[in-house]
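Below: one structure, written as structure tokens.
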Amino acid sequence: MTDDLPDGLLVADGDARVITFNAAAARMTKIPADLAIGRDFRDVLPLYDAEGRDWWKCLAPYDGLATRTRHPERSLFLPGGCELLVTAAYRRDERGRVRRFTVCLRDAAHRARQERDRADLVSTVAHELRSPLTSVKGFTATLLAKWHRFNDDQKRVMLETVNADADRVTRLITELLDVSRIESGRLEMRRQVVDLAEATRKVIAGRIAAGEPEDRFRFEEHGDLPEMWLDPDKIDQILGNLVENAVRHGAGTVTIVVEPDAHKEGATVSVRDEGQGIPPEAVSRVFRQFWRGPGGNRRGGTGLGLYIVKGLVEAHGGTITVRRAPGGGAEFRFTLPAGAPDYAS
């Protein structure tokens, strides 16, 4: 049974001899289980802290205080440099003597990757924030120092730039908060009945009002949708990010199709462009943090948009995929389930 555990497990008896050494522990330490059983666990699993000290000599598990019951997780190293996350627990007799000493091992590589991802996220967002904040500071300082030297048109241009850069900072901070909520599972869903077709029209109208040509977009609605209980703000964010991605990285007409899903139990939305599409080797990376599409205007983007879209779709219980569009380019297709939440019954 212990070989089914995903983490490494070593159990030593009252004489510090190994009585259990599961398959995961053998894989991590490169020591076959049959060679570990019966040996002193300190010889089987020599562990050192970051300063190179022998951890078992520091811990003295069989000679320390009889009140100890466990040790919290900490990072330790095997002689070859392999890093492990180690926890330990005691089972004692009525006199406080150690009857069983259990050590759990976990590969530290995954946590190290998470820490690097967080560092990359902080670095990326800090870099993206620097440019608009420098602009805001520069124009504001100039206006304060030389207000009367500029005419109204010059002041308006400078204030419009400050306003646009402030919006950019707000968007970046919102993205950072979204990533944090997605990773921690703390996304709050405020569901209500949403008209997906109308939400799509609103996103398109917003792009046109912002200066995009009206003939850049085509909207298609096929069939009748079931009643969709969704978070309207998050649906606007999903649609907005996908349309912006198609405009920024794609080419030609951006087509948005809203229709019932294959089983008539939900809705499917497809966002297509007529650009170069996504290389097959990049498809598996599209929804990762910091991924950016080939070509297109990359200014002002953190590479977090599609990662956030995937998190928001999945928070609704849906799925999202990317493939080649019928007319070339990329097609992002997400499906959302229908049905009211319990409180709406």
Original post:
Under the salt bridge (charged side-chain N to carboxylate O under 4.0 Å, His left out) criterion, do E314 and K310 qualify, and how do the steps go?
Top reply: CA-CA 6 Å; E314 291 178 347; K310 183 174 185 289; 2.7 Å; yes
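- One distance of note links CG of D178 with CD1 of I173; it measures 12.0 Å at 0.5 Å rounding.
- The pair R190-E188 meets the salt-bridge criterion, with a side-chain N (NZ, NE, NH1 or NH2) lying under 4.0 Å from an Asp/Glu carboxylate O.
- Nearest heavy atom pair, residue E274 against residue G252, reads OE1-CA, 3.5 Å.
- Judged purely by atom type and a 3.5 angstrom limit, W56 uses its side chain to pair as donor or acceptor with the backbone of L45.
- Residue K137 places its NZ atom among 12 or fewer non-hydrogen atoms of other residues, nucleotides or ligands, all under 6.0 Å distant.
- Between R92 and R68 there is a side-chain heavy-atom pair separated by less than 4.5 Å.
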Subject >> Residues R216, T253; criterion side-chain contact (heavy atoms from CB on, under 4.5 Å); working and verdict >> reply: CA-CA 5 Å; R216 181 79 194 272; T253 301; over 6 Å; no
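- Looking at heavy atoms from C-beta onward, D165 lies out of side-chain contact with L133 at the 4.5 angstrom threshold.
- Under the salt bridge (Lys or Arg N to Asp or Glu O under 4.0 Å) criterion, D107 pairs with no residue, sequence neighbours left out.
- Put simply, CG on L76 and CG on L47 are 5.5 Å apart, with the number rounded to the nearest 0.5 Å.
- Judged by distance alone, with hydrogens and angles left aside, the side-chain atoms of Q154 form a donor-acceptor pair with the main-chain N or O of N151 at under 3.5 Å.
- A distance of 6.0 Å or more separates the ring centres of H316 and F334.
- Using bins of under 30°, 30° to 60° and over 60° for the plane-to-plane angle, the ring pair F41/F101 lands in the tilted bin.
- Between the side chain of D3 and the backbone N or O of A23 there is at least one donor-acceptor pair closer than 3.5 Å.
- The side-chain heavy atoms of F332 and I278, taken from C-beta on, include a pair separated by under 4.5 Å.
- Side chain of D261 to main chain of G266: a donor-acceptor pair is present (N/O by atom type, distance under 3.5 Å, no hydrogens or angles).
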**OP:** Would you check, one step at a time, whether the test salt bridge (charged side-chain N to carboxylate O under 4.0 Å, His left out) holds for D49 with R53?
**Re:** CA-CA 6 Å; D49 63 16; R53 294 172 295 194; 2.7 Å; yes
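- The two residues T87 and P72 come nearest to each other via the heavy atoms CG2-C, 4.1 Å.
- The NZ atom of K30 lies 9.5 Å from the CE atom of M28; values are rounded to the nearest 0.5 Å.
- Here the side chains of W229 and V194 are not in contact, with every heavy-atom distance at 4.5 Å or above.
- Across R333 and S270, no two heavy atoms sit closer than the pair NH1-OG, 3.0 Å.
- The residues E94 and R99 are annotated as not salt-bridged, no charged nitrogen and carboxylate oxygen being separated by less than 4.0 angstrom.
- For the pair R218 and E220, the salt-bridge criterion is met [side-chain N within less than 4.0 Å of a carboxylate O].
- In this structure, R70 contributes its side chain and Y90 its backbone to no donor-acceptor pair below 3.5 Å.
- Side-chain contact between N241 and L306: absent, with no pair of heavy atoms (C-beta onward) separated by less than 4.5 Å.
- Taking both residues in full, the closest heavy atoms of P337 and M228 are given as O-CE, 3.5 Å, listed atom of the first, atom of the second, then distance.
- Side-chain atoms of Q192 and D231 form no donor-acceptor pair, as typed in the model, at a separation below 3.5 Å.
- The number of heavy-atom neighbours closer than 6.0 Å to CZ of R106, taken from other residues, nucleotides and ligands shown, is 12 or below.
- If you take CZ on R207 and CD on E212, they are separated by 5.0 Å, rounding to the nearest 0.5 Å.
- Taking all atoms of both residues into account, the shortest heavy-atom contact from G96 to A66 is O-CB, 3.9 Å.
- Geometrically, R74 engages W55 in a cation-pi contact defined by less than 6.0 Å to the ring centre and at most 45° from the axis.
- Side-chain polar atoms of S75 and E83 form a donor-acceptor pair below 3.5 angstrom.
- Heavy-atom minimum distance, A166 versus V136: N-CG2, 4.3 Å.
- Here the OG1-CG distance, from T200 to L239, works out to 4.5 Å after rounding to the nearest 0.5 Å.
- Salt bridge K202/D236: present, at least one basic N to carboxylate O contact under 4.0 Å.
- Taking 4.5 Å as the limit, some side-chain heavy atom of I308 sits within range of a side-chain heavy atom of Q237.
- Looking at T319 and T335, their side chains never bring a donor and an acceptor atom within 3.5 Å of each other.
- Looking only at side-chain heavy atoms (C-beta outward), V258 and L225 come within less than 4.5 Å of each other.
- In the hydrophobic clustering (ILVMFWY side chains linked at under 4.5 Å, chained through shared members), F77 stands by itself.
- At a threshold of 4.5 Å between non-hydrogen side-chain atoms, the residues K57 and R42 do not count as touching.
- A salt bridge does not link D13 to R17: none of the charged nitrogens lies less than 4.0 Å from a carboxylate oxygen.
- Think of L9 as one node in a network of Ile, Leu, Val, Met, Phe, Trp and Tyr side chains linked at under 4.5 Å; its network also takes in L5, V11, I19.
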Original post:
Which is it for R97 and D93 under the salt bridge (charged side-chain N to carboxylate O under 4.0 Å, His left out) test, yes or no, and what are the steps along the way?
Top reply: CA-CA 5 Å; R97 293 175 300 187; D93 61 19; 3.0 Å; yes
